[in-house]
Structures are given as structure tokens and as C-alpha cells.
Number of protein chains: 2
Amino acid sequence: MQSSDPIPSAAPTHDPAETRSRLLDAAEQLFAEHGFNGVSMRTITGTAGVNLAAAHYHFQGKEGLYRAVFERRVVPMNEERARLLQACLDEEARTGQLDPSAVLDAFIGPAIRISAAPGADNFRRLSGRASADPSPEARRTIYELYDTVAARFVDILARACPHLAQEDLFWRLACIYGAMMYVRADSGRLQQLLGSEYSMADSSAAMHHIIPVLAAGLAVPSLAKSRGKGKRRSSRGS
Amino acid sequence: MQSSDPIPSAAPTHDPAETRSRLLDAAEQLFAEHGFNGVSMRTITGTAGVNLAAAHYHFQGKEGLYRAVFERRVVPMNEERARLLQACLDEEARTGQLDPSAVLDAFIGPAIRISAAPGADNFRRLSGRASADPSPEARRTIYELYDTVAARFVDILARACPHLAQEDLFWRLACIYGAMMYVRADSGRLQQLLGSEYSMADSSAAMHHIIPVLAAGLAVPSLAKSRGKGKRRSSRGS
DNA sequence: TTAAGTGTCAAACGGACGTTTGAATCATGC
DNA sequence: GCATGATTCAAACGTCCGTTTGACACTTAA
């Protein structure tokens, strides 16, 4: 007995694993397009061809589904980030040098290249937009999932840029985070403004163009007005 | 999730101008905090101490209110942007030089300094977050209100950077827009990550730190792989 | 005084929301 | 066979949503 589905291709299933992945795929796409508050559970389950109650059975509600969408992509991404950052530290231990470009690459690369994973291009846009999503569900999810590795990145980048004061670091990180998030969010605004055919989904082009530009920004000497407060950081060991 | 109790100090009014401005102020704050879909008209009118129907009387519904919130701040901001960009062009006509830093300053300055206007700090966060808000109401509003001056900025910046190909321009603009929007959105994430007391609401500090960093990014030589497609732009006159 | 116009008000409209329920259906082991 | 736990299903729950209505208050001008 099949119910009438909005999407004809989505046939009912009794495989719980497929139910879960169908829900995650539909939610990923729809959250990316409309934001957390812009989609209803009915739309998501309808798109996935899954019963409304099944979504609550598997994910305990809307926020649980939202969090699961992130976890599926962010956990592997964080592992790659941690691995690449560790490689930077290994290189430092060997040569005594810590290249800011390599640190940038280790942090931004996995986030940009995530769209290369099969079916993950929706997640790239979702994660970029979620960084500016003010809804508490989004903020909670992001903080908990990204923070450990992000804090590690900030720490290592600070050591790679000993010429920068804490105040400098704050604003340069704003530029770095901003550029990364803007490329991920991919609002389509620049394509419209430039009338150009370049796409932010091209992860290798993004890395090729963005890393040197951000590295040049990091290389600018300290701009902090050293009034005692804007103290230069000491080289701390950790 | 959101408190729906009206502010006790908000006494009823019969002055239509005050009703309008109270609604705009409450909407500005609540849209910034929760996004377009995250606030209800009841919460907004309750916070403003205004009757629910009055909001529809004055603004013809929720999207009209959203748009009015933007218009109040963006129209003057665009005038300042246009004025400063024209000053760059005047300088170019006089000296034959077009300074990329000055062009950046003319575009970013008014957007950052907007938080200095009385009561406009909520709008700074709102506009930053709206740039990544995928809801059609937000996108429509933004495109229509910002685009004319934004296109002018892109055009002038391109002329100020004759060493850059169209492809370079695309990615550097992503960095510029990203940094500007990230500072405006002010998610509080960097403060948490750094454990620092620096605030993105400090517009003079923001300009002092961000413009030189972005200018250094613009000064990086072209990274476009010149394969015929990534053509260098010709100096066009308009 | 009266008539029109403007703005506010409480109340209601129909619909969409996230979530829950309890029965039906499935695979599996005895 | 039959019991068990896992999963799906249609239907409903109560609440909140954006918007509309029509009565009422106030100002203005003839």
C-alpha cells in the first residue's frame, strides 16, 4: 500500500539505513536552501519519501536531524583538519619553521574540498550559511562540532605568525573566517555582480586563489597600537 | 524560545510616526537576533508595544516590515558609498592614480561605520547575517537595495587593479565581501575562540585592521592561469 | 455638527507547524 | 507455528503563524 508521495521517484522503503540517509540528504539540501526555520519537517520527509513520524523516530525531532546532517560531514572533515595540522607541527619539529600558508591550507582545505565528496555540495552551502544563522539550534550545533579543531587551528596559526599581536590575530582571523565562509555559503551574489561564469564550487580554483591572498594578509606587519593592552604574544609552549 | 511578553515600558501611542519607528526598532533587533523566519509578527509587535494589526497597516505585512528596516539604514549608507566612490574617481581624474585602498575604504567604511549611528548596531549584525540568509524575502531585499552601488564598486575596484584578471577579481572580491560580512555579522565566534575582549562593534578598529590586510591581498599578482579563458581585462572607459 | 479620513484595537480567520499516538507491518529467533 | 523488537504508517494533538476584519477613537475641515 503506497501512499501518494510528492516526489514520484522516492519509493517507500523498509530499510532503516536507507530511511536515515534519505532523510539526511533531503534535509541537507533543504536546510541549505531555506535555513533551519525556513523548512518544515513535512517538506523534508515529503522530499525524502519518508513518513513524517519516521524522522522523529530516527532523529528525535528537527534539531536532532539538523545536527545529524552536520555530524555526517563534519566529523570526517575535522579528522582531516587535525591530520593536516599535525603534519604542520611535525614539519615544524623537523625544520623549526611553521609556514602560515600551510596552516591556512590545513584548516581551509578540508572545508572547501568537502564539496568534492559525493553529494556533499549542498553541505558546503549549508555550512557557510549556518555560520551566520542566528537561530540557537544552529549556533549550538556549530559551536559543539567545530570548536575543538578550530581552537587548535587558532593556536597553531598564532605560533606561525609571531609578528602579530593578539589584536592583529583577531582581525586577520575575521578576514580568514569571512573569506572561507563566504566561499562556502556561495550566495551567488558575486556571479551576478560580475556577470561571470566562475563558480565557488570549484574547490581547487578556490584554494589556488584564496590561500595566497589570505597569506599576504597575514604577512602584513602588526597594526596593533601597542598601548600596553595590545600586548605582543609571548611564545608559549603547548 | 523567544519571549513574547511585551516590554512594560512601551506604553501605547497614537502618534503614527512613533508607531512606525518603534516597530522598525523592535524588528531590527529581533530580525538580527533570530533571522527573518525566526521571529513572529506577534513577538515584534509585542516588543514594540504596538498592536499586531498596526504593523500590517503601516508596512503591509512581514516582508514589508523587513524591507523597511533595511531601507531606513541602507539608503543613507548607499549615498555615502556613492559619494566616497565619486571622490575616488575625482582623485583619479586629477592625479591619474586610483588607489585600491581608497576604493576599499569607500565601500567598506560606510558599511562598518553604520553601527556608529544611534541605535544602528543591531542593523550591523542584521545586514551581515542577511547576506547569508537563504530565504527569498531576504535575498530579494538585499539584491534590490545594494546592487546599484555594489556594481559601481566592483567596476571601480577593477580599474584600480589593472594587474588582475577577471578570475582574480572574482576570488579577491569573495575575500573582501567575506571579511566585511563576517565583521558585520559578528557571530561572537572569534571572541569565544580567542577568549579575547576585542569587539567587532569598534568600527574604527575594524577599518584600521581590515583595510590594509585586504589591500595586501589585492596587491598579490595575478594567479589566473592564462589559458585564453582567464583573459586579462582591457582598460575600458566607463 | 457633521462627515471624512487616519490610526488603533480585540478578536478571529484558515492554515501550517513540530510532535505524539497507537495500530499495522516487517525481520528474526525460538 | 509464534513471540519479540524494530520500523513504518495515517491520523491526530495542541500551538503558533501571517493576515484580515469590523468596531472604535481621534483629528481635521467645512
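Note that the structure is predicted; figures quoted are calculated from it, not measured. Below, chains carry the letters A, B, ... as their sequence lines are ordered, and counting in each starts from 1.
For A:Arg20, there are no salt bridge (Lys or Arg N to Asp or Glu O under 4.0 Å) partners two or more places apart in sequence or in a different chain. Take A:Thr43 and apply the side chain to side chain donor-acceptor pair (under 3.5 Å) test, not counting sequence neighbours, and it matches A:Ser40. Not counting sequence neighbours, the partners of A:Tyr177 by the ring-ring contact (aromatic ring centres under 6.0 Å, His included) test are A:Phe107, B:Tyr182. A:Glu63 pairs by the salt bridge (Lys or Arg N to Asp or Glu O under 4.0 Å) definition with A:Arg140, not counting sequence neighbours.
Screening residues 47-57 of chain A for salt bridge (charged side-chain N to carboxylate O under 4.0 Å, His left out), with sequence neighbours left out, gives no hits. The ring pair (Phe, Tyr, Trp, His ring centres under 6.0 Å) pairs that include a residue from residues 63-89 of chain B are B:Phe31-B:Tyr66, B:Phe36-B:Tyr66, B:Tyr66-B:Phe70, B:Phe70-B:Phe123, where partners are two or more places apart or lie in different chains. Sorted by first and then second residue, the salt bridge (charged side-chain N to carboxylate O under 4.0 Å, His left out) pairs with a member in residues 107-120 of chain A read A:Glu80-A:Arg113; sequence neighbours excluded.
Considering only side-chain atoms of A:Ala54, the nucleotide from C:dC17, C:dT8, D:dT8 that sits closest is D:dT8.
Spacing between atom CG of A:Leu23 and atom C1' of C:dG18 amounts to 15 Å, rounded to whole angstrom units. Atoms NE2 (B:His34) and C1' (D:dC17) sit 16 Å apart, rounded to a whole Å. Here the C1' atom of nucleotide D:dC9 and the CE atom of A:Met41 are 15 Å apart, to the nearest Å. Distance B:Glu18 CD to C:dG7 P: 14 Å, rounded to the nearest Å. Here the C1' atom of nucleotide D:dC17 and the CD1 atom of B:Ile44 are 12 Å apart, to the nearest Å.
For C:dT8, one of the phosphate oxygens OP1 or OP2 lies less than 4.0 angstrom from a side-chain nitrogen or oxygen of B:Thr19. OP1 or OP2 of C:dA16 has not a single side-chain nitrogen or oxygen of A:Ser40 nearer than 4.0 Å.
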Criterion side-chain contact (heavy atoms from CB on, under 4.5 Å) on A:Arg124 and A:Met200, from CA distance to verdict: CA-CA 10 Å; A:Arg124 181 180 54 91; A:Met200 296 192 177; 4.0 Å; yes

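Annotation: cation-pi pair A:Arg81/A:Phe153 absent, no NZ/CZ under 6.0 Å from the ring centroid and within 45° of its normal.
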Dump the pairs, protein N or O against N or O of nucleotides 10-14 of chain C, anything under 3.5 Å, distances to one decimal.
from	atom 1	to	atom 2	distance (Å)
C:dA10	OP2	B:Asn51	ND2	3.4
C:dA10	N7	B:Asn51	ND2	3.4
C:dA12	N6	B:Arg42	NH2	3.3

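Residues from residues 56-71 of chain B that place a heavy atom under 4.0 Å from any atom of DNA chain C, listed by number: B:Tyr57, B:His58.
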